[in-house]
Amino acid sequence: MIKAIAGGVISLLSGVILAGGAHRGTNGKNRAFLTIGGETLLERQIREMRTCCDEITIVTGEPDLLRRSVDRDVRIISDYFGGEGLLSGFHAGIALSGNEEVWVLGCHMPFPSSQAAMLLYSRMMQGGGLAAIPFIRGAAIPLHGIYDRSVSEISGKLLDRGRTEFSELLAAIDVVKVEAYSFESEGVNGKFARSVRTDEEYQALVAESEARIAKA
């Protein structure tokens, strides 16, 4: 098992990647398979998660496709509450996590940071919340957050009642908010908060990557 140090505390994290499937904003492409610098977003996320997580689970609506794309030690599962969106995938992933604390990533996050994750974990332990989430320029980044596994019960109850909005989960739990200056003061590169929501954003990231390679 991989032991990660956060603020002097030894932790064992589970990793969960939410990779639902085709996305309208990227012309029907599954963002997990978009490439930057010759590496898919999914590959980047798995590589980074391995530095601080001793297990990784991917929640997807396309399990057969994902199984052909990742190592066999990465677990592939589908939602329990089929067709209920983000909250359903989140619930399935953390419910099966073997550790008490879970790093949850959306597949649209191209620059995942284990350093940011461990800072979030440390702040959650200090603050006593059930989650620690980055707040960058006033906006929550819940899909680069740390969650207590017990949140699966709360999300499951919401889904049982037909409540599917992720914002309702965040309103129902004690969240430790970690602001941008906290990451900056610890030397964590703020680009971890970037995401790919549209094809235009993806093309901009590709252009940035190619420019960096050309300068090297």
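Predicted model only: the values in this text are computed from it and were never measured. We're numbering straight along the sequence, starting at 1.
- Remark: Arg67 engages Asp64 in a salt bridge, criterion side-chain N to carboxylate O under 4.0 Å.
- Between Ile154 atom CD1 and Asp148 atom CG the span is 8.5 Å, to the nearest 0.5 Å.
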Ile36/Tyr202 under side-chain contact (heavy atoms from CB on, under 4.5 Å): CA gap, chis, key distance, verdict: CA-CA 9 Å; Ile36 297 176; Tyr202 169 58; 4.2 Å; yes
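- When side chains are defined from C-beta on, Phe33 counts as touching Ser69, because their heavy atoms get closer than 4.5 Å.
- For Ala193 against Ile136, the heavy-atom pair with the smallest separation is CB-CG1, 3.9 Å.
- Glu208 contributes atom CD, which lies 9.0 Å from atom NZ of Lys191 (distance to the nearest 0.5 angstrom).
- Distance check: Ser195 OG to Leu41 CG gives 10.5 Å after rounding to the nearest 0.5 Å.
- Nearest heavy atom pair, residue Pro134 against residue Gly145, reads CD-CA, 4.5 Å.
- Panel note: side chain Ser185, backbone Tyr181; a donor-acceptor pair is recorded below 3.5 Å.
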Verdict with supporting geometry, Leu105 and His144, side-chain contact (heavy atoms from CB on, under 4.5 Å): CA-CA 5 Å; Leu105 275 175; His144 196 302; 3.5 Å; yes
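- With 3.5 Å as the limit, one finds no donor-acceptor pair spanning the side chains of Ser97 and Asn99.
- Side chains of Ile94 and Val151 form a contact here, defined as non-hydrogen atoms less than 4.5 Å apart.
- For Asp71 (side chain) and Asp73 (main-chain N/O), no donor-acceptor pair under 3.5 Å exists by modelled atom type.
- Of all heavy-atom pairs spanning Thr60 and Ala19, the tightest one is OG1-O, 2.8 Å.
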Evaluation steps, side-chain contact (heavy atoms from CB on, under 4.5 Å), between Val59 and Ser78: CA-CA 5 Å; Val59 187; Ser78 298; 6.0 Å; no
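- Interatomic distance, Leu130 CG to Met124 CE, rounded to the nearest 0.5 Å: 7.5 Å.
- A donor-acceptor pair is defined here as one N or O able to donate and one able to accept, closer than 3.5 Å; no such pair exists between the side chain of Gln45 and the backbone of Pro110.
- A salt bridge does not link Glu201 to Arg194: none of the charged nitrogens lies less than 4.0 Å from a carboxylate oxygen.
- Neither side chain, Ser182 nor Glu186, offers a donor N or O lying under 3.5 Å from an acceptor on the other.
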side-chain contact (heavy atoms from CB on, under 4.5 Å) between Leu96 and Arg75, intermediate numbers included: CA-CA 10 Å; Leu96 290 180; Arg75 180 166 50 186; 4.1 Å; yes
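- Side chains of Ser114 and Thr51: a donor on one and an acceptor on the other come within 3.5 Å.
- Under the 3.5 Å distance criterion, the side-chain polar atoms of Thr35 are left unmatched by any main-chain donor or acceptor of Gly38.
- At a threshold of 4.5 Å between non-hydrogen side-chain atoms, the residues Ile17 and Trp103 do not count as touching.
- The distance from the SG atom of Cys53 to the CD1 atom of Ile46 is 11.5 Å, given to the nearest 0.5 Å.
- Note that CD of Glu39 and CZ of Arg44 are 5.5 Å apart. Values are rounded to the nearest 0.5 Å.
- Listed here is the closest heavy atom pair of Ile133 and Ala140: CG2-CB, 4.3 Å.
- Heavy-atom minimum distance, Val176 versus Arg123: CG1-O, 3.9 Å.
- Within 6.0 Å of atom CZ in Arg163, 12 or fewer heavy atoms from other residues, nucleotides or ligands are found, so the atom counts as exposed in its surroundings.
- Each of Thr164, Leu169, Leu143 was evaluated against Leu86; a single residue qualifies, Leu143, per the side chain to side chain contact (heavy atoms under 4.5 Å, CB included) test.
- Although no hydrogens or angles enter the test, the distance criterion places a donor-acceptor pair under 3.5 Å between the side chain of Arg31 and the main chain of Val196.
- Taking the six-membered ring where the residue is Trp, Phe166 and Tyr147 present perpendicular rings, their angle passing 60° and hence far from 30°.
- Residues Ser14 and Glu101 form no side-chain contact, since every pair of their non-hydrogen atoms from C-beta on lies 4.5 Å or further apart.
- Closest approach of Ala32 to Thr40, counting heavy atoms only: O-CB, 3.5 Å.
- In this structure, Val102 and Leu13 have side chains that are not in contact, with every pair of non-hydrogen atoms separated by 4.5 Å or more.
- Between Thr57 and Ile77, some side-chain heavy-atom pair lies under the 4.5 Å cut-off.
- With a 4.5 Å cut-off on side-chain heavy atoms, Asp199 and Gln203 count as touching.
- Inter-residue side-chain proximity for Phe183 and Leu119 is flagged as met; some heavy-atom pair is nearer than 4.5 Å.
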